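Here's the structure, in structure tokens; my notes come after.
As the structure is a computational prediction, the values presented were derived from the model and not from experiment.
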Amino acid sequence: MEQSYPRVLQRKLNERASACHFEVINYSMPGLSLRQKVHLVERYACDYHLDLIIVDYCVNDVMPDYLTTLGKDTESWCNLRVLGIKVPCALESRMRKSVFLFALKKAVEQGMLRMGWADRSGTFYMVEGDYYQRLYQQENAPEILASTFNRIREYQDTHGVTVSVPIFPMLYDLDHYNWRELDRQVAVACESQELAHTSLLDAFAACSHHHLRVQRGDSLHPAIAGNEIAGTAILASLTKADLLPSDALH
């Protein structure tokens with residue numbers, strides 16, 4: 001946790017501040033969509049008397065509405081990610097509850113890691129295919145972005161606290177990045193609501209995506225190096241946009 005980007009941001013803010021003490025509260029949870037992140041803001045942010053709110057965005061945050069349906073050929077068949085075979089969804093659901101099969105799955109994944117095959121797991125095919133593009137082509141995707149960023153704008157206006165949206169890139173082939181248009185759609189949605197936002201793509205592209213991943217095959221979650229880059233880049237964007245108290249700039 002000390003190496004997560006909120007702590008990196010807090011440390012760098014306090015290193016620069018002459019009269020202010022900054023506290024960055026990390027309210028993240030696993031697997032949150034954009035809507036769920038905004039729900040947390042609406043439900044809990046007022047308890048902390050915040051000066052600034054950061055709602056980070058990654059390419060899959062337009063979920064969860066399509067998570068349970070995309071990638072299935074029918075409603076009755078599901079994929080076993082490690083083996084890449086189809087089984088009835090009812091059976092797949094029961095298999096998820098088996099401790100033995102969970103341990104077996106982890107053992108297979110670790111073996112794939114040791115042999116360097118992890119990048120060709122289910123995540124690899126989601127990235128190499130058009131899975132994420134399809135997320136944004138779904139009928140409700142534009143409405144999700146527009147309505148949710150509108151909720152952020154309404155919260156910002158109602159409570160008088162600025163919200164900033166850093167847009168995290170996919171950690172995959174940053175030299176030939178395939179998701180610029182998706183990042184741009186998010187940026188346009190922010191701009192339409194006059195929300196502060198910044199793309200972290202250029203900051204991440206200075207390093208190899210292999211170095212930035214928390215583990216091989218994971219193109220969504222940054223490792224320690226990625227969190228350090230994110231904290232530094234977010235601080236730079238907040239400074240450039242003049243969103244910090246003047247005491248934090250010296």
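Atom CG of L145 is separated from atom CG of L182 by 10.0 Å, given to the nearest 0.5 angstrom. Interatomic distance, CE of M1 versus CG of N227, reported as 9.5 Å (0.5 Å rounding). One finds the CG atom of L50 at 11.5 Å from the OG1 atom of T162 (value rounded to the nearest 0.5 Å). A distance of 8.5 Å separates NE2 in H210 from CG in D173, rounded to the nearest 0.5 Å. Considering CZ of R11 and CG of L235, their distance stands at 11.0 Å, rounded to 0.5 Å. If you take CG on D157 and CD on E194, they are separated by 8.5 Å, rounding to the nearest 0.5 Å.
For I25, the CD1 atom counts as densely surrounded, since its 6.0 Å shell holds more than 12 non-hydrogen atoms of other residues, nucleotides or ligands.
A230 and L200 make their closest contact through CB-CD1, 4.2 Å (heavy atoms, listed as atom of the first residue, atom of the second, distance). When all heavy atoms are compared, the tightest approach of A45 to I53 is CB-CD1, 3.9 Å. Of all the heavy atoms in R153 and Q193, the pair that sits closest is NH1-O, 2.7 Å. In plain terms, the two heavy atoms of Y155 and C46 that are nearest each other are OH-SG, 3.3 Å. The heavy-atom pair separating N14 from C20 by the smallest distance is OD1-O, 4.0 Å. Taking all atoms of both residues into account, the shortest heavy-atom contact from Y177 to P169 is OH-CA, 3.2 Å.
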Q | Stepwise side-chain contact (heavy atoms from CB on, under 4.5 Å) test for L52 and L238 | A | CA-CA 10 Å; L52 177 72; L238 296 176; 3.7 Å; yes
Open item on the list: Please determine whether side-chain contact (heavy atoms from CB on, under 4.5 Å) holds for the pair K37 and T148, giving the CA-CA distance in whole Å, both sets of side-chain angles, and the decisive distance to 0.1 Å.
Closed with: CA-CA 10 Å; K37 292 176 182 180; T148 312; over 6 Å; no
Pair F204, H209 - check side-chain contact (heavy atoms from CB on, under 4.5 Å), show working. CA-CA 8 Å; F204 275 77; H209 65 276; over 6 Å; no
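Residues R35 and D61 are not paired through a salt bridge, judged by the lack of any N-O separation under 4.0 Å between the basic side chain and the carboxylate. Between K12 and E228 there is a salt bridge, since a side-chain N of the basic residue sits under 4.0 Å from a carboxylate O of the acidic one.
The aromatic rings of F149 and Y57 lie tilted to each other, with the angle between the two planes from 30° to 60°.
Between Y44 and Y27, a ring centre-to-centre spacing shorter than 6.0 Å is recorded.
In summary, of the residues considered (V41, V38, V55, I54), a side chain to side chain contact (heavy atoms under 4.5 Å, CB included) with V163 occurs for V55 alone.
V188 and L201 sit in two unconnected hydrophobic clusters of ILVMFWY residues. Membership requires side-chain heavy atoms under 4.5 Å apart, directly or through other members. Hydrophobic cluster membership is shared by L34 and L220, with clusters built from Ile, Leu, Val, Met, Phe, Trp and Tyr side chains linked at under 4.5 angstrom. L9 and I167 end up in the same hydrophobic cluster when Ile, Leu, Val, Met, Phe, Trp and Tyr side chains are linked at under 4.5 Å.
The closest side-chain heavy-atom distance from N26 to R7 is not below 4.5 Å. Within the 4.5 Å cutoff, side-chain heavy atoms of L212 are placed close to those of L174. Within the 4.5 Å cutoff, the side chain of Y5 has no heavy atoms near those of the P222 side chain. For the pair R213 and H221, the minimum side-chain heavy-atom distance is 4.5 Å or more. Contact of the D56 side chain with the P166 side chain is registered, since non-hydrogen atoms from C-beta on lie closer than 4.5 Å.
For the pair Q10 (side chain) and V24 (backbone), a donor-acceptor distance under 3.5 Å is present. Remark: side-chain polar atoms of N140 are not paired, donor with acceptor, to backbone N or O of E143 under 3.5 angstrom.
Under 3.5 Å, the side chains of T158 and E154 contain no donor-acceptor pair of N or O atoms. Looking at Y132 and N178, their side chains never bring a donor and an acceptor atom within 3.5 Å of each other.
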